[in-house]
*Asks:* 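Dumping the structure here so I can ask a few things about it.
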Number of protein chains: 2
Amino acid sequence: MAIPLRIIDPDKLKTACSTCSLHELCLFPGLSTAEMKAVDHLVDRRRVVKRGDYLFRAGVNLHSLYAIRTGFLKSCVLHEDGREQVAGFHMMGDLMGMDAIGTNQHLCDAVALEDSEVCEIPLKDLESLSREIPSLQHHFHRIMSREIARDYGIMLLLGSMRSEERLAAFLLNLSQRFGARGYSAHEFHLRMTREEIGSYLGLKLETVSRTLSHFQAQGLISVQNKHLRITNIEGLQELVGQHGCRT
Amino acid sequence: MAIPLRIIDPDKLKTACSTCSLHELCLFPGLSTAEMKAVDHLVDRRRVVKRGDYLFRAGVNLHSLYAIRTGFLKSCVLHEDGREQVAGFHMMGDLMGMDAIGTNQHLCDAVALEDSEVCEIPLKDLESLSREIPSLQHHFHRIMSREIARDYGIMLLLGSMRSEERLAAFLLNLSQRFGARGYSAHEFHLRMTREEIGSYLGLKLETVSRTLSHFQAQGLISVQNKHLRITNIEGLQELVGQHGCRT
DNA sequence: GCATCTTCTTGACTCAGATCAAATTCGGGT
DNA sequence: ACCCGAATTTGATCTGAGTCAAGAAGATGC
């Protein structure tokens with residue numbers, strides 16, 4: 001395990017959290033320099049996942065959590081009978097794999113929708129380091145909790161919104177997340193197919209397509225295949241939670 | 001803070017996790033006696049919540065997590081526009097409040113559906129004790145993770161099951177949970193209204209009622225208002241994941 | 001550059017579950 | 001025991017989204 005004596009190990013440098021531009025989004029903001037140093041050793045290694053490849057598959061044993069550095073992935077829950085549903089879309093700074101801690105087995109497939117790069121964080125190491133750094137521990141709990149909160153939002157969406165509201169909420173969510181990461185919040189590339197959007201929103205791909213066309217006709221957005229531009233964000237916001245039909 | 005010198009403080013005794021019959025279900029299984037002792041001090045106090053009362057409300061600051069000792073509660077997520085949806089039903093041994101760690105504010109209302117009793121676990125104390133007891137720490141992570149896993153299941157249910165499947169899955173879930181707690185798995189009391197079931201499953205109360213009647217006509221269950229008896233559990237199991245229509 | 005496969009759009013029709021509307025039963029309070 | 005509001009059941013009708021189908025537009029590979 002001895003690291004070869006080199007002045008700069010370029011690989012290590014690239015992996016280090018302390019030099020990572022994502023560290024405010026990712027697991028470890030607001031740590032002292034010394035703590036940051038300790039965290040650097042936590043991040044085992046980076047891994048590249050090509051478009052279409054699996055980061056992990058349902059059923060395999062958990063060894064690490066994965067923090068996304070670049071790229072875009074989806075997670076798919078699998079039902080015993082073969083049905084499959086997109087449970088989330090994940091981008092830079094998101095942490096994946098937390099659903100597997102309970103059973104020690106991944107519950108969902110994680111598939112890259114574009115070439116992506118992730119940092120592996122062995123759970124054992126994260127747990128032992130968070131025993132030493134209370135702020136890291138608390139931050140990890142916050143991240144798990146936010147995942148629960150996100151899921152509650154999706155449950156609300158699936159359980160009580162009509163198709164237009166779902167899609168509007170989806171677009172606003174993407175917009176907000178791209179914006180938070182320094183990308184344009186009103187113009188972006190949809191990395192997933194209509195079918196994947198539909199699966200995530202509990203709709204059929206035809207409904208997704210129709211609803212997008214409808215939004216475009218209303219002047220809310222302009223879509224050209226996967227390129228999307230939000231032209232009236234207030235209009236979309238009004239749509240969400242407007243048609244309070246399904247009481 | 002000095003505890004009055006008495007041989008037995010009956011209140012403390014009742015609160016102690018080490019003597020609690022739930023401790024295998026609840027947060028702290030498999031600890032040494034010494035560790036158990038430390039955990040006892042963690043559980044701040046017990047609280048009684050009368051039927052219809054709130055354990056906590058959306059928006060209030062988090063101070064504690066709550067482990068249910070007895071009773072039955074629901075949690076309701078609130079949409080800004082006043083829409084409300086049941087996010088879960090919680091019983092003996094379940095832990096509530098984890099959704100609030102992320103923002104430090106509760107996201108949902110927790111309402112007792114029958115007179116209930118909970119143990120308050122201050123998050124700060126749980127975090128500091130779990131820094132000392134690795135198995136407690138890991139178990140807490142597992143519980144949060146299981147909550148995420150549960151939510152994935154609900155997303156699958158809401159996003160891709162038809163009404164009969166949803167209700168069958170719901171009944172089987174209740175059955176399994178009652179069974180795991182030593183109650184009858186095939187005969188129990190529904191503590192929630194049809195409307196609450198519907199809200200949880202993304203259906204209208206009429207649909208819930210009709211579907212229950214339909215199940216009864218098929219000989220799968222027998223319902224008499226809130227009293228439910230499962231007469232053909234395999235039949236229900238077949239129903240879930242049978243009609244794989246919504247691909 | 002062409003062929004092929006996948007993804008997307010749009011239209012016509014159908015149906016599961018929502019909505020509206022009674023009638024009935026239950027449960028808590030006096 | 002009786003009353004009253006809430007919860008449940010059941011029926012009739014309506015509708016939003018699913019299903020089926022066919023063509024168009026993009027991607028991918030040779």
Side-chain angles (χ1 to χ4, degrees), chain A residues 50-52 74 83 85-86 111 113-115 157-170 189-218 221-228 239 242-247, chain B residues 50-52 74 83 85-86 111 113-115 157-170 189-218 221-228 239 242-247:
Chain A
K50 288 273 167 209
R51 176 170 182 219
K74 66 171 177 179
R83 260 179 296 187
Q85 183 172 340
V86 175
V111 183
L113 296 180
E114 63 180 34
D115 292 358
L157 180 143
L158 292 172
S160 62
M161 290 189 185
R162 56 187 57 268
S163 61
E164 290 202 342
E165 293 179 272
R166 293 187 199 189
L167 201 58
F170 171 71
H189 184 77
L190 297 170
R191 283 137 233 248
M192 69 298 281
T193 66
R194 303 289 190 261
E195 185 167 19
E196 286 162 338
I197 297 174
S199 173
Y200 180 60
L201 299 176
L203 302 170
K204 296 274 111 178
L205 70 146
E206 294 95 328
T207 305
V208 173
S209 179
R210 266 188 255 274
T211 308
L212 285 175
S213 303
H214 186 208
F215 284 173
Q216 177 153 255
Q218 290 179 285
I221 62 172
S222 107
V223 248
Q224 174 61 38
N225 218 29
K226 307 232 162 167
H227 181 82
L228 191 129
L239 247 169
Q242 194 79 324
H243 292 275
C245 285
R246 298 242 228 145
T247 317
Chain B
K50 288 275 166 206
R51 176 170 181 220
K74 67 171 176 178
R83 260 178 296 188
Q85 183 172 340
V86 175
V111 183
L113 296 181
E114 64 181 33
D115 292 357
L157 180 143
L158 292 172
S160 63
M161 290 189 186
R162 57 185 56 268
S163 61
E164 291 202 342
E165 294 179 270
R166 293 186 199 189
L167 201 57
F170 171 70
H189 184 77
L190 296 170
R191 282 135 233 249
M192 68 296 282
T193 66
R194 304 289 190 262
E195 185 167 20
E196 286 162 339
I197 296 174
S199 172
Y200 180 60
L201 299 176
L203 302 170
K204 296 274 112 179
L205 70 147
E206 294 95 328
T207 305
V208 173
S209 177
R210 267 187 254 273
T211 309
L212 286 175
S213 303
H214 185 210
F215 284 173
Q216 178 154 253
Q218 290 179 285
I221 62 173
S222 104
V223 247
Q224 174 61 37
N225 218 29
K226 306 231 161 167
H227 182 82
L228 191 129
L239 247 169
Q242 194 79 320
H243 292 275
C245 285
R246 298 241 227 145
T247 319

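Throughout, protein chains are lettered first and strands after them, A, B, ... in sequence-line order, and every chain is numbered starting at 1.
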*Asks:* Counting side-chain heavy atoms from C-beta on, which of dC8(C), dA16(C), dT19(C) comes nearest to R194(A)?
*Replies:*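 So the nucleotide nearest the side chain must be dC8(C).
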*Asks:* Looking only at atom types and distance, does a side-chain atom of T211(A) sit under 3.5 Å from a main-chain N or O of T207(A), one as donor and one as acceptor?
*Replies:*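 Present.
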*Asks:* Looking at residues at least two apart in the chain, or sitting in another chain, which of them share a ring-ring contact (aromatic ring centres under 6.0 Å, His included) with F215(A)?
*Replies:*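 Partners of F215(A) under the ring-ring contact (aromatic ring centres under 6.0 Å, His included) test: none.
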*Asks:* Would you indicate what S209(A) reaches in the nucleic acid, counting non-hydrogen atoms under 4.0 angstrom: base, sugar-phosphate, or nothing?
*Replies:*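 Since a base atom lies under 4.0 Å of S209(A), the category is base.
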*Asks:* Could you tell me whether a side-chain N or O of R166(A) sits under 3.5 Å from a main-chain N or O of L158(A), the two making a donor and an acceptor?
*Replies:*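 Side chain of R166(A) to backbone of L158(A), a donor-acceptor pair under 3.5 Å: yes, one is there.
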*Asks:* Would you kindly give the CG-to-C1' distance between L201(B) and dA16(C), to the nearest whole Å?
*Replies:*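 Checked: the CG to C1' distance equals 16 Å.
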*Asks:* Would you tell me if any nitrogen or oxygen in the side chain of S213(A) comes within less than 4.0 Å of OP1 or OP2 on dT9(C)?
*Replies:*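 For dT9(C), OP1/OP2 do not have a side-chain N/O of S213(A) under 4.0 Å.
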*Asks:* Specify the separation, in whole Å, of atom CD of E165(B) and atom C1' of dA16(C).
*Replies:*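 Atom CD in E165(B) sits about 13 Å away from atom C1' in dA16(C).
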*Asks:* Tell me, please, which residues at least two apart from R210(A) pass side chain to side chain donor-acceptor pair (under 3.5 Å).
*Replies:*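 Here no residue qualifies.
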*Asks:* State whether the side chain of S199(A) and the backbone N or O of E195(A) hold a donor-acceptor pair below 3.5 Å, judged by distance alone.
*Replies:*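 Side chain of S199(A) to backbone of E195(A), a donor-acceptor pair under 3.5 Å: no, none is there.
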*Asks:* How close or far is atom C1' of dT19(D) from atom CD of E195(A), stated in whole angstroms?
*Replies:*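 Checked: the CD to C1' distance equals 14 Å.
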*Asks:* Shortest non-hydrogen contact from L203(A) to S163(A)?
*Replies:*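 In terms of heavy atoms, the two residues are closest at CD2-CB, 3.8 Å.
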*Asks:* Between dG18(D), dA18(C), dG16(D), which nucleotide gets closest to the side-chain atoms of L203(A)?
*Replies:*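 For L203(A), the side-chain atoms sit closest to dG18(D).
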*Asks:* In whole angstrom, what separates L190(B)'s CG from dG27(C)'s P?
*Replies:*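 Distance check: L190(B) CG to dG27(C) P gives 12 Å.
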*Asks:* Expressed as a whole number of angstroms, how long is the span from R166(B):CZ to dA18(C):C1'?
*Replies:*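 The distance from CZ of R166(B) to C1' of dA18(C) comes to 13 Å, rounded to the nearest Å.
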*Asks:* Please determine whether a side-chain nitrogen or oxygen atom of S163(B) lies at a distance below 4.0 Å from atom OP1 or OP2 of dG17(C).
*Replies:*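 Result: yes.
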*Asks:* Could you tell me the separation between the CG atom of L205(B) and the P atom of dT24(C), rounded to a whole number of Å?
*Replies:*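 After rounding, the reported distance stands at 19 Å.
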*Asks:* On the nucleotide dT7(C), are OP1 or OP2 found under 4.0 Å from the side-chain N or O atoms that T193(A) carries?
*Replies:*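 Checking dT7(C) against T193(A), no side-chain N or O comes under 4.0 Å of OP1 or OP2.
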*Asks:* How long is the straight-line distance from NZ of K74(A) back to CD of E196(A), given to the nearest 0.5 Å?
*Replies:*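 The NZ atom of K74(A) is 4.0 Å from CD of E196(A), to the nearest 0.5 Å.
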*Asks:* Report the distance from atom CG of L228(A) to atom C1' of dT9(C), rounded to the nearest whole Å.
*Replies:*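 Going from L228(A) (CG) to dT9(C) (C1'), I get 16 Å.
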*Asks:* Whether R210(A) contacts dT9(C) is assessed here as follows: a side-chain N or O lying under 4.0 Å from the phosphate OP1 or OP2. Is that the case?
*Replies:*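 False: R210(A) side-chain N/O out of range (4.0 Å or more) of dT9(C) OP1/OP2.
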*Asks:* So if I define the base as every atom that isn't primed, P, OP1 or OP2, how would nucleotides 21-30 of chain D read as a B/S/- string at a heavy-atom cutoff under 4.0 Å?
*Replies:* -----S-S--
*Asks:* Rounded off to whole Å, could you give me the CG-to-P distance for the L212(A) and dT10(C) pair?
*Replies:*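 Taking CG of L212(A) and P of dT10(C), I get 10 Å after rounding.
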